[in-house]
Participant: 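Right, I'll just put the structure down here and ask away after.
Per chain, numbering begins at 1; letters A, B, ... match sequence-line order. These numbers come from the heavy atoms of this one structure, side chains and all, not from hydrogens, waters or symmetry mates.
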2 protein chains.
Amino acid sequence: MDVNNLCLGVLCLGDASGYEIKKMCEESFSHFQAASFGSIYPALAKLTDSGLVTFREETQEKRPIKKVFSITPKGREQFLETLRKTEPTEQYRSDFLVLMMFAHLQPPKQLEKAIDIQMANIRGELEILHKVLESCHELTAGMRFTIEYGIAANQALLELIEARKAPLLEAIVREQSQFTPKEQQS
Amino acid sequence: MDVNNLCLGVLCLGDASGYEIKKMCEESFSHFQAASFGSIYPALAKLTDSGLVTFREETQEKRPIKKVFSITPKGREQFLETLRKTEPTEQYRSDFLVLMMFAHLQPPKQLEKAIDIQMANIRGELEILHKVLESCHELTAGMRFTIEYGIAANQALLELIEARKAPLLEAIVREQSQFTPKEQQS
DNA sequence: TCCGATATATATTGGATCGATATATGGACG
DNA sequence: CGTCCATATATCGATCCAATATATATCGGA
């Protein structure tokens, strides 16, 4: 989903500044969406020009001035239209799997390190997701589902790696002491 | 991983044209990387200028001229260096989960449709991955692992949705007939 | 015959996004 | 004082994408 609509969505949940929208992407949405300041601020400017959001400036103590954005009825309708038209798609990219794909080109120690880091990453992710589940009592069923979804996937991956790590490294060592298929033909 | 290195990686597996590199991203790498023509061709041009790859032109029958790229020793070393320096990270974006996140704003029928489409998407993905596992007998252990990884995640998600779909829709219907938390405060 | 769809091919463009950077107001720490 | 962190807004150049263009074919339908 593009950042314009992501901002509209966040603002449907309540007024927020650009910084808070980014924070929310890093917290509630972090396991399934992301957006950078480089795209959030121009998006908010554009949404303001289009009359989909408005903003007021707040002065704070010890803090810079804060621009708090609110969604307009027009913006809300726009976002509902987006929800109607959005296809349920997913996009996944993994540098970890690229490393695994080219395991035959790397020393086993290097691979083992990558696997261990990935396992730690997944454990960290699971910890965060479990914490959110436990600590937020105002979650809607839909929000709760997004977290369960993240937990299910990460849990399955962690278990797979735990089960496959040793045999995988053994197989890779074995392959590297043998003929490497296909690649020798280049 | 950036497209320059992705191209180098594919070429480590054997000579290929720009079109074939794209095809490979759509097949062997499809569940964990992607690259568009808009980035592949400029990348290949840049890699050629840098001496990391070379190409020859092949004339074909009933087909346009084909530029087949090969990796140079310098290109191969560059890719090995990339493998050394790459952190095992992942990036996941799901419009499906955005729809779930904002379930409270949508009619249950619309949500059910999205859920069904997503389940079909996952089943299709699983079918493809299983087919690749069965039909390719030259897979290295690393390549096989990437497919098992994809299967594990998708299988877990499918099972979760199957288990949670009905109670989720019920909960959403219930919520929509009650007070909607937090969002009414905007 | 033309059109749309498909496959194999190369190539480019404008818009979207990112990571890095800049600026501002603070506080904590070495 | 400099670095790091947090809260804030804002921008820039590099990268990537979807769409588009062109080329060589084939097939099916109007």
Participant: How long is the line joining CG of Leu6(B) and C1' of dC16(D), in whole Å?
Facilitator: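 Going from Leu6(B) (CG) to dC16(D) (C1'), I get 12 Å.
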Participant: Remember a base hit wins even if backbone is also touched, and classify Ala35(A) as base, sugar-phosphate or nothing at under 4.0 Å, heavy atoms.
Facilitator: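 Sugar-phosphate, backbone atoms only, no base.
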Participant: Counting only side-chain nitrogens and oxygens, does Tyr19(A) get under 4.0 Å of the OP1 or OP2 atom of dT9(D)?
Facilitator: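 Negative; the distance criterion is not met.
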Participant: dT17(C) P sits how many Å from Met1(A) CE, rounded?
Facilitator: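 It is 12 Å, rounded to the nearest whole Å.
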Participant: Expressed in angstrom and rounded to an integer, what is the separation of Phe69(A) atom CZ from dA8(D) atom C1'?
Facilitator: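 That distance rounds to 11 Å.
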Participant: Tell me, with the steps shown, if Thr86(A) and Asp95(B) meet side chain to side chain donor-acceptor pair (under 3.5 Å).
Facilitator: CA-CA 7 Å; Thr86(A) 293; Asp95(B) 280 358; 5.4 Å; no
Participant: Are Tyr149(A) and Phe96(B) an aromatic pair by the rule of ring centers under 6.0 Å?
Facilitator: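 Judged by ring-centre distance (under 6.0 Å), Tyr149(A) and Phe96(B) do meet the cut-off.
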Participant: So if I take every side-chain heavy atom of Tyr41(B) and compare against dT8(C), dA11(C), dT7(D), which nucleotide ends up nearest?
Facilitator: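 That would be dA11(C).
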Participant: Could you check whether the rings of Phe55(B) and Phe69(B) sit parallel, tilted or perpendicular, using 30° and 60° as the cut-offs?
Facilitator: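 Rings of Phe55(B) and Phe69(B): tilted, 30 to 60°.
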Participant: Quick one: on DNA chain D, does Gly38(A) or Pro64(B) contact a more 5' nucleotide (nearest heavy atom)?
Facilitator: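 Its nucleotide being nearer the 5' end, the pick is Gly38(A).
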Participant: Determine: side-chain N/O of Ser39(B) to OP1/OP2 of dC17(D), distance under 4.0 Å, yes or no.
Facilitator: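 Affirmative; the distance criterion is met.
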Participant: To the nearest angstrom, how far is Glu58(B) atom CD from dT24(D) atom C1'?
Facilitator: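 So the CD-C1' distance, Glu58(B) to dT24(D), works out to 16 Å.
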Participant: Here's a test of your reading of the structure: between Phe37(A) and Ser17(B), which maps to the more 5' nucleotide of DNA chain C?
Facilitator: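 On the 5' side of the pair lies Ser17(B).
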Participant: Is the NZ or CZ atom of Lys22(B) both under 6.0 Å from the centre of the six-membered ring of Phe37(B) and within 45° of that ring's axis?
Facilitator: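 Flagged: Lys22(B) positioned over aromatic ring of Phe37(B).
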Participant: Are Lys67(B) and dA9(C) close enough that a side-chain N or O sits under 4.0 Å from OP1 or OP2?
Facilitator: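 So the side-chain polar atoms of Lys67(B) never come under 4.0 Å of the phosphate oxygens OP1 or OP2 of dA9(C).
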Participant: Please report, rounded to the nearest Å, how far the C1' atom of dT22(D) is from the CD1 atom of Ile65(B).
Facilitator: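 Nearest whole value for this atom pair: 13 Å.
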Participant: What integer distance in Å separates Phe55(B):CZ from dA11(C):P?
Facilitator: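 Taking atom P of dA11(C) as the reference, CZ of Phe55(B) is at 8 Å.
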Participant: It should be established whether Lys62(A) places a side-chain nitrogen or oxygen under 4.0 Å from OP1 or OP2 of nucleotide dA6(D).
Facilitator: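 Checking Lys62(A) against dA6(D): no side-chain N or O falls below 4.0 Å of OP1 or OP2.
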Participant: Could you state the atom-to-atom distance from CD of Glu61(A) to C1' of dT7(D) in whole Å?
Facilitator: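 Taking atom C1' of dT7(D) as the reference, CD of Glu61(A) is at 14 Å.
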Participant: Hey, can you tell me if Phe79(A) and Phe102(B) have their rings parallel, tilted or perpendicular (30° and 60° cut-offs)?
Facilitator: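 Perpendicular.
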Participant: For the pair made of CG in Leu47(A) and C1' in dA10(D), what is the distance, rounded to whole Å?
Facilitator: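 Nearest whole value for this atom pair: 16 Å.
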Participant: At under 4.0 Å between heavy atoms, what does Ala34(B) touch on the DNA or RNA strands: base, sugar-phosphate, or nothing?
Facilitator: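 It contacts sugar-phosphate atoms only.
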Participant: Look at the side-chain N and O atoms of Arg93(A) and state whether any lies under 4.0 Å from the OP1 or OP2 oxygen of dC16(D).
Facilitator: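 For dC16(D), neither OP1 nor OP2 has a side-chain N or O of Arg93(A) closer than 4.0 Å.
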Participant: At 4.0 Å (heavy atoms only), tell me whether Ser36(A) reaches a base, stays on the sugar-phosphate, or touches nothing.
Facilitator: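 Base contact.
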Participant: Taking only side-chain nitrogens and oxygens of Gln60(A), does any of them come within less than 4.0 Å of OP1 or OP2 of dA8(D)?
Facilitator: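 So the side chain of Gln60(A) is within the cut-off, an N or O lying under 4.0 Å from OP1 or OP2 of dA8(D).
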